[in-house]
S.K.: 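Let me give you the structure first, and then I'll get to my questions.
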Amino acid sequence: MAEKFTIGVLTSGGDAPGMNAAIRAVVRTSLANNMNVIGIKHGYEGLINGEFEAMEARAVGSILQRGGTVLLTSRSKRFMEASGQRDAIRRMNEAGIDALVVIGGEGSMNGAYALSQKGVKVIGIPGSIDNDLWGTNMAIGTDTAMNTIMEAVDKLRDTASSHQRAFLVETMGRNCGYLAVMAGIVCGAEMVLIPEVPVTSEEVATTVEDAYQRGKTHAIIINAEGSGISTTDLAEKIDNMDLGFKTRMTILGHIQRGGSPTAYDRLLASRMGVKAVEALVEGTHGVMTGLRGKGIDFIPLVDVISNKRNVNMEYYHMAKVLAR
Ligand code: F6P
């Protein structure tokens with residue numbers, strides 16, 4: 001009797017809420033198609049080390065609502081080298097893994113592409129709070145992070161208004177301003193600083209003073225971590241200026257990566273997990289699942305890694321107009 005087709009699944013890079021929902025969908029869709037599934041621990045690092053465990057339907061019970069990743073994750077330096085990739089492929093062959101599903105962000109898709117170039121059947125699923133991947137409107141985890149930011153800024157606004165203060169709030173996003181721009185709109189920020197648009201601290205000071213003069217009770221400035229302006233330095237600088245408002249700052253940090261995934265992220269993760277396995281069943285690989293319009297498409301990994309996702313400037317301008 002022929003051996004069953006075996007799919008390996010791993011999560012890599014920064015964890016994102018909804019990764020567990022994607023793992024669950026990959027496992028259960030594989031089982032429904034009479035295939036074996038092997039969970040790989042610690043991302044590409046575990047692939048090199050052979051950290052494998054068979055996954056049955058019950059292994060993914062009650063994980064849908066949990067943040068983080070039950071498969072654990074890592075940023076593997078060894079896997080960036082050709083020797084690490086070679087060892088990983090050897091481990092896959094030893095374990096009889098026929099195809100791989102990689103759930104992660106930019107670095108993870110680069111790794112997936114490298115493997116596909118070496119003949120491995122691999123499918124990527126975008127999972128990253130940054131939403132910086134080209135080829136998909138949304139990555140798994142971004143919506144949950146957005147909601148976490150919104151809740152935090154709403155709370156900061158309460159205290160900012162009570163004390164008539166300016167608040168600098170730093171969001172994550174690495175080199176991409178997506179989270180900051182969208183936070184600017186949904187939190188009603190007075191100004192958004194993003195890597196894509198250089199701004200000086202003098203311009204920030206002018207905005208704060210202007211908000212005071214226009215009778216606002218507070219000024220919220222969202223600073224993307226990659227904007228090039230240090231939140232701590234900027235807060236100190238403008239707090240020492242006479243702008244009407246005194247200034248405080250909050251760096252949201254890794255809080256943005258945790259928490260139970262929103263309904264949106266659970267649904268997106270489930271759809272992508274199902275589609276990824278269906279693609280492998282049909283013989284499609286070397287692609288990433290991408291949300292395009294209302295459907296899930298398959299985007300060649302080579303396009304995903306060779307294109308840069310830019311912030312939609314329409315939203316940036318919208319945030320500005322709505323801050324009047
Ligand atoms: O890619 C997700 C992300 O949270 C980025 O927004 C951030 O720059 C980075 O990961 C932080 O990485 P680490 O968890 O390794 O500090």
Side-chain angles (χ1 to χ4, degrees), residues 9-27 39-46 60 62-76 100-112 123-152 170-183 186 224-226 252-276 288-291 296 299 301 304-305 309 311:
V9 56
L10 63 81
T11 49
S12 154
D15 60 330
M19 279 183 163
N20 285 329
I23 296 167
R24 172 178 176 269
V26 168
V27 170
I40 298 150
K41 294 285 179 74
H42 297 115
Y44 290 123
E45 198 64 16
V60 289
S62 288
I63 67 167
L64 180 65
Q65 75 286 5
R66 284 167 58 189
T69 161
V70 293
L71 286 178
L72 312 177
T73 186
S74 68
R75 301 191 192 276
S76 175
L100 196 63
V101 177
V102 173
I103 307 165
E106 218 181 355
S108 312
M109 293 309 132
N110 272 291
I123 299 247
I125 296 181
S128 164
I129 65 161
D130 301 344
N131 209 25
D132 57 350
L133 274 165
W134 188 89
T136 186
N137 293 343
M138 283 296 270
I140 296 164
T142 304
D143 185 65
T144 306
M146 201 63 253
N147 278 280
T148 301
I149 294 168
M150 187 174 74
E151 217 176 283
E170 183 178 304
T171 53
M172 274 189 167
R174 209 183 288 269
N175 302 317
C176 176
Y178 180 91
L179 285 176
V181 166
M182 293 308 181
V186 302
E225 67 172 339
L252 295 178
H254 288 79
I255 278 180
Q256 295 161 94
R257 286 239 296 263
S260 178
T262 56
Y264 182 94
D265 275 330
R266 295 182 199 193
L267 188 59
L268 183 66
S270 302
R271 291 171 75 195
M272 287 189 170
V274 169
K275 277 282 182 182
M288 181 188 82
T289 55
L291 180 68
I296 308 290
I299 323 296
L301 283 169
V304 172
I305 64 154
R309 163 107 187 229
V311 152

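Heads up: numbering here begins at 1 and tracks the sequence.
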S.K.: Atom CD1 in I299, atom CH2 in W134: separation rounded to 0.5 Å?
M.R.: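 One finds 6.5 Å between CD1 of I299 and CH2 of W134.
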S.K.: Taking the side chain as C-beta and beyond, is there a heavy-atom pair between H254 and M172 under 4.5 Å?
M.R.: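 Result yes, sub-4.5 Å side-chain heavy-atom pair found.
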S.K.: Over all heavy atoms of both residues, which pair between A269 and G18 is shortest? Give the atoms and the distance, please.
M.R.: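 Where A269 meets G18 most closely, the heavy atoms are CB-O, 3.3 Å.
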S.K.: Under 3.5 Å, which donor-acceptor pairs do the side chains of residues 145-152 form with other protein atoms, sequence neighbours left out?
M.R.:
unit_1 : atom_1 : unit_2 : atom_2 : d
N147   : ND2    : D143   : O      : 2.8
N147   : ND2    : D143   : OD2    : 3.4
T148   : OG1    : T144   : O      : 3.0

S.K.: Run the side chain to side chain contact (heavy atoms under 4.5 Å, CB included) test on V102 and I125 for me, step by step, so that the C-alpha distance in whole Å, both residues' side-chain angles and the decisive distance to 0.1 Å come before the verdict.
M.R.: CA-CA 6 Å; V102 173; I125 296 181; over 6 Å; no
S.K.: Tell me the closest heavy-atom pair linking I140 and A16, and the distance in Å.
M.R.: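 Heavy-atom minimum between the residues: O-CB, 3.5 Å.
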S.K.: About how many Å separate OG1 of T69 and NZ of K41, when rounded to the nearest 0.5 Å?
M.R.: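 So the NZ of K41 and the OG1 of T69 are separated by 9.5 Å.
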S.K.: Does T142 reach the side chain of D130, with side-chain heavy atoms less than 4.5 Å apart?
M.R.: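 T142 vs D130: side chains apart.
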S.K.: Please say whether more than 12 non-hydrogen atoms of neighbouring residues, nucleotides or ligands are located less than 6.0 Å from CD1 in I255.
M.R.: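 Open.
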S.K.: CZ of R309 to CD of E106: how many Å apart, nearest 0.5 Å?
M.R.: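 Taking CZ in R309 and CD in E106, the distance rounds to 11.5 Å.
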S.K.: Does a side-chain heavy-atom distance below 4.5 Å link L71 with M19?
M.R.: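 Not in contact.
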S.K.: Does either side chain, that of E45 or that of S74, offer a donor lying less than 3.5 Å from an acceptor on the other one?
M.R.: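 Their side chains do not contain a donor-acceptor pair, so the 3.5 Å distance test is not met.
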S.K.: Mind listing the closest non-hydrogen atom pair of G105 and S128 along with its distance?
M.R.: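 Of all heavy-atom pairs spanning G105 and S128, the closest is CA-CB, 4.0 Å.
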S.K.: Please tell me if the side chains of V9 and I40 come closer than 4.5 Å, counting only heavy atoms from C-beta onward.
M.R.: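 Heavy-atom side-chain distance check fails, nothing below 4.5 Å.
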S.K.: Measuring from atom CG of L291 to atom CE of M138, what distance do you get when rounded to the nearest 0.5 angstrom?
M.R.: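 Separation between the atoms: 8.5 Å.
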S.K.: Listed by chain and number, what are the side-chain contact (heavy atoms from CB on, under 4.5 Å) partners of A180, not counting sequence neighbours?
M.R.: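 For A180, the residues satisfying side-chain contact (heavy atoms from CB on, under 4.5 Å) (neighbours in sequence not counted) are T171, V192, I194, I222, A224.
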S.K.: For D15, enumerate each residue passing the salt bridge (charged side-chain N to carboxylate O under 4.0 Å, His left out) test, keeping only those at least two apart in sequence or located in another chain.
M.R.: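 With neighbours one apart ignored, the set is R257.
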S.K.: Compute whether any side-chain donor of one residue and acceptor of the other, for S260 and R266, lie under 3.5 angstrom apart.
M.R.: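 A pair is found: one side chain offers a donor N or O, the other an acceptor, under 3.5 Å apart.
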S.K.: How close do L133 and P126 get, heavy atom to heavy atom, and via which atoms?
M.R.: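 The pair with the smallest heavy-atom distance is CD1-CB, 3.6 Å.
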S.K.: What is the minimum heavy-atom distance between Q65 and P261, and which atoms define it?
M.R.: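 Result for this residue pair: O-CD, 3.4 Å.
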S.K.: Taking S108 for the side chain and S12 for the main chain, is one N or O donor matched with an acceptor at less than 3.5 Å?
M.R.: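 Yes; at least one donor-acceptor contact below 3.5 Å.
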S.K.: Go through the steps to decide whether Y178 and D132 satisfy the test side chain to side chain contact (heavy atoms under 4.5 Å, CB included), and finish with yes or no.
M.R.: CA-CA 7 Å; Y178 180 91; D132 57 350; over 6 Å; no
S.K.: For the backbone of I305 and the side chain of N110, can you confirm whether one donor and one acceptor N or O come within less than 3.5 Å of each other?
M.R.: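 Such a contact is absent between N110 side chain and I305 backbone.
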S.K.: Can you see which heavy atom on A276 is nearest to which on V101, and at what distance?
M.R.: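 So the two residues come closest at CB-CG1, 4.5 Å.
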S.K.: Starting from the C-alpha separation in whole Å, work towards a yes-or-no answer on side chain to side chain contact (heavy atoms under 4.5 Å, CB included) for I129 and L179.
M.R.: CA-CA 8 Å; I129 65 161; L179 285 176; 4.2 Å; yes
S.K.: To the nearest 0.5 angstrom, please state how far the OG atom of S270 sits from the CZ atom of R24.
M.R.: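 Those atoms lie 6.0 Å apart.
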S.K.: Output, in order, the C-alpha distance, side-chain angles, deciding distance and verdict of side chain to side chain contact (heavy atoms under 4.5 Å, CB included) for T11 and I23.
M.R.: CA-CA 8 Å; T11 49; I23 296 167; 3.9 Å; yes
S.K.: Rounded to the nearest 0.5 Å, how far does CG of L10 lie from OG of S76?
M.R.: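 Interatomic distance, S76 OG to L10 CG, rounded to 0.5 Å: 10.5 Å.
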S.K.: Would a 4.5 Å heavy-atom cut-off, applied to side chains only, mark T136 and M272 as touching?
M.R.: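 With C-beta onward as the side chain, the pair touches.
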